[in-house]
Amino acid sequence: RITSRPDAPAPALAGAGAKGLVLATETEVFGRQRPRRPAGRAAVVAQRAQIDQLLDFSELVEGDYVVHLQHGIALFRGLAQLDTAQGMREVISLEFDDRVTLHVPLTESHLISRYVGLVKTRPQLGRIGSNRWEKTRRAAEAATLDLAAELLAIQAKREAQPGEALPPDNAWQKEFESSFPYAETPDQLRAIAETKADLERPRPMDRLLCGDVGFGKTEVALRAAFRVAMAGKQVALLCPTTVLAQQHFRTFEARMTGYPVTIRALSRFQTKKEMEESVSGLKEGKVDVVIGTHRLLSKDVHFKHLGLLVVDEEQRFGVAHKERIKQLRAQVDVLTLTATPIPRTLQMAVTGMRDLSLITTPPVDRRAVRTVVTRWDDQVVREAVQRELARGGQCFYVYNRVDKLYEKAQRLQELVPQARIAVAHGQMSEVALEEAMIDFVDGRYDVLVSTAIIESGLDIPRANTMVIDRADLFGLAQLYQLRGRVGRSKERAYCYLVVPETNAMTDESRSRIEALERHTELGSGFQIASLDLEMRGAGDLLGGEQSGNVASVGFDLFCRMLEDAVHEMKGEEVAHDVDPELSFDVEALLPEDYVTDVGVRLSLYKRLASASDEAQVSDLAAEMEDRFGPPPEEARRLVKLMALKTELRRLRALGCEANARVVTLHLREDTPLDPAKIAALIRKTHGAWKLTPDMRLSRRFAEGDGLGNAEATLAELASCLKDG
């Protein structure tokens, strides 16, 4: 048997043809294959870190504004220890209007969320004991009903449009997908499956694919485009910049080589003749996939049978272009890619009105970018570039002023004489810009000195060091996008943020730099998005007319109200969860010496208090033990207490008081307990059970502790449910 590397050509043997012998490589027979590795421990740890970031409760610092669901907006004053009848308790201290302080038990931390309203606007603090907060909430709820009606009308219009369902995967699709040289992440596979399911439905797809920089959104778009093209329809990929369009063109061309798919680019990188040929080919149906900038939306561009429109970073297009995209959206399948993550609460609010796929897990073996904040120093910059060149890599040097860009390139050349330096900016001619970018991608240059033109989508695995000169002049989301251009391989990447003296920067600039320096973890784009939202304000996300309502109750609560309003407008029952107040005679907490980090401890309390069922509490307990080791007795009791709380919520119990002698439940009128079964239980136990007219149900015990007695009480009540 003759073996060869999978990608090696078959060896030519003298006289082989005469003997009727043909040698074929494994690749030629089965297509290019690659090993599929399951997500390892690193991926699991990264996913857990992502959960903490999504909840973002761990980022609270003293003086931050928060929203208490029942009392309104307050100032976070940190954690405090209180001596209570049940022993020492750790509580969250909140300051309301008139300097009134409320101590919230950590088991009720889910009632608190970060306040995000409008930039530079001080919200009005809630007043304990007044009805001001109730009036504010009612006004905001009315506004969410109007907004929900508008969003659902858009969805209904799309649902009513007829579409063409694509057939399921064929052998070519499977072969094409197997040629992907990396192991897909679980989120990637889910997004691919959701997109394919949309394409197979007889209605136009409108899916938003939201994922962090470098997390594999392009591969999802590639597979969807291939599927549509092989079904005989045309695909258009719309990009905000010519550089990104050229990068996508090269990626698509490389992946689809060998298949009967004709791909063309349509941007200012093409000559007039090439553009005319592409436009003509689209009209006649000779071009299957076209990748371009807003030129694709011109009136002279006509498709013979457009099946899929992929829009990369739609928010970067102008109003007129968005209108044209909106027209196409009602008629053809649309897949929108965005690397600007949306906050989790907004994601929950719009789910059901727009199809949404999230990619939050990083690729296997990806490492976080090491971020360094520094003032300009010749030695630091020289060493940064030389270190990268010494390991065979490339560098980006970003400075966002064209008039001084060549000066910066000259200075860098003096510092590192051996470096081959190219310059790129948007004012260059199409030919010169294309040559500079392609030569850098092909490795003919070591350093690319450019403006922020490289911000979106460039994928150059060899480039793993970036210097951003005057980083204080960039926006937070823009800095995050720029940093995402490096660290796209297994190599450790570095990003140097060069800033002036501290007193020469504005407060907002300092906040942006500190945020980027602090959030270096993989997938921290969701955290960055939340911080960016705080700095810019939330009005634009839901429309300017909603700004006042967002400011009055905070972004998080407004989105929860919107979610309820959507369910209500759909005619679905909105059951407002009960939040039982707990009073137990046992010490149940996470000790400081078990979970030492205050932020992580707060986050765990919130996740436990927010758990919807006992299984979720068990999962969190297993996660805690995995992260911090076997829990002490106080932590075990907390887990039991939170599991009990989920059952109390199911029984619609407003409160539970439990000690060694008696357990009392204060039930809401809509409790699922059957009155007849409760009456029978009271008769049968001869005074152990008691029910008062104000719906207080109590159970007496001879001995024990509050936690054990409460568990026994709920176990007895399990047989009294209406459907039991």
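FYI, side chains are in, hydrogens and waters are out, and symmetry mates aren't considered; it's all heavy atoms of this structure. The chain is numbered in sequence order, starting from 1.
Within the structure, the ring-ring contact (aromatic ring centres under 6.0 Å, His included) test picks out no pair touching residues 183-207 (sequence neighbours left out).
A donor-acceptor distance shorter than 3.5 angstrom exists from the side chain of R485 to the backbone of Q481, with no hydrogens or angles considered. Within the 3.5 Å criterion, the main-chain N or O of V301 finds no donor-acceptor partner in the side chain of S298. Within the 3.5 Å criterion, the main-chain N or O of L620 finds no donor-acceptor partner in the side chain of E623. Listed for the S280 side chain is no donor-acceptor partner under 3.5 Å among the backbone atoms of E276. The main-chain N or O of Y445 is found under 3.5 Å from a side-chain atom of Q394 such that the two form a donor-acceptor pair. With D442 contributing its side chain and R444 its backbone, the two residues share no donor-acceptor pair below 3.5 Å. Side-chain atoms of E253 never come within 3.5 Å of backbone atoms of F249 as a donor-acceptor pair (strictly under, hydrogens ignored). Within the 3.5 Å criterion, the main-chain N or O of T451 finds no donor-acceptor partner in the side chain of N400. The closest donor-acceptor contact from the side chain of Q234 to the backbone of V289 lies at 3.5 Å or more, if one exists at all. Within the 3.5 Å criterion, the main-chain N or O of T371 finds no donor-acceptor partner in the side chain of R483.
Contact record, A424 with I453: O-CG2, 4.3 Å, taken as the closest heavy-atom pair. Closest non-hydrogen pair, V228 versus L199, comes out as CG2-CD2, 4.0 Å. Nearest approach of R492 to R370, heavy atoms of both residues: NH2-NH2, 3.4 Å. The heavy-atom pair separating A191 from L209 by the smallest distance is CB-CD1, 3.8 Å. Residue I291 comes nearest to C239 through the heavy atom pair CG2-SG, 4.2 Å, listed as atom of the first residue, atom of the second, then distance. Residues V261 and A229 come closest through the heavy atom pair CG1-CB, 4.3 Å.
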Check step by step if salt bridge (charged side-chain N to carboxylate O under 4.0 Å, His left out) holds for D300 and R295. CA-CA 9 Å; D300 65 326; R295 176 73 177 82; 3.0 Å; yes
Please report the C-alpha distance between E177 and K196 in whole Å, then the side-chain angles of each, then the deciding distance to 0.1 Å, and finally whether the salt bridge (charged side-chain N to carboxylate O under 4.0 Å, His left out) criterion is met. CA-CA 13 Å; E177 293 184 1; K196 284 182 180 178; 2.7 Å; yes
For salt bridge (charged side-chain N to carboxylate O under 4.0 Å, His left out), just list the numbers for R223 and E184, CA-CA rounded to whole Å, side-chain angles, deciding distance to a tenth of an Å, and then say yes or no. CA-CA 13 Å; R223 296 187 186 188; E184 300 95 338; 2.7 Å; yes
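Both the sub-6.0 Å distance and the 45° axial angle are not jointly satisfied by R462 relative to the ring of F440.
Taking 4.0 Å as the cut-off between side-chain N and carboxylate O, E219 and R255 count as a salt-bridged pair. Note on K286 versus E277: no salt bridge recorded, every NZ/NE/NH1/NH2 to OD/OE distance being 4.0 Å or above.
Put simply, CG on D288 and CE on M230 are 9.0 Å apart, with the number rounded to the nearest 0.5 Å. Expressed to the nearest 0.5 Å, how far CG of L306 lies from CG of L282 amounts to 9.0 Å. In this structure, CG in L433 is found 9.5 Å from CD1 in I438, a value given to the nearest 0.5 Å.
None of T242, L244, L296 except one satisfies the side chain to side chain contact (heavy atoms under 4.5 Å, CB included) rule with S267; the exception is T242.
Between F176 and F226, the ring centre distance stays below 6.0 Å.
Taking 4.5 Å as the limit, every side-chain heavy atom of T185 sits out of range of all side-chain heavy atoms of F215. With a 4.5 Å cut-off on side-chain heavy atoms, V290 and V235 do not count as touching. Two residues are said to be in side-chain contact when any heavy atoms from C-beta on lie closer than 4.5 Å; R227 and E200 meet this criterion. Using a 4.5 Å heavy-atom cutoff, the side chains of L448 and Y397 are not in contact. You'll find the side chain of D187 stays beyond 4.5 Å of the side chain of L358, heavy atoms only. Residues M256 and I263 have side chains in contact (heavy-atom distance under 4.5 Å, counting atoms from C-beta outward). Contact of the L238 side chain with the T293 side chain is not registered, since no non-hydrogen atoms from C-beta on lie closer than 4.5 Å.
R207 and T336 form no side-chain donor-acceptor contact under 3.5 Å, judged by distance and modelled atom types alone. There is no side-chain donor-acceptor pair under 3.5 Å between S278 and E274. Donor-acceptor pairing under 3.5 Å is recorded for the side chains of Y259 and E175.
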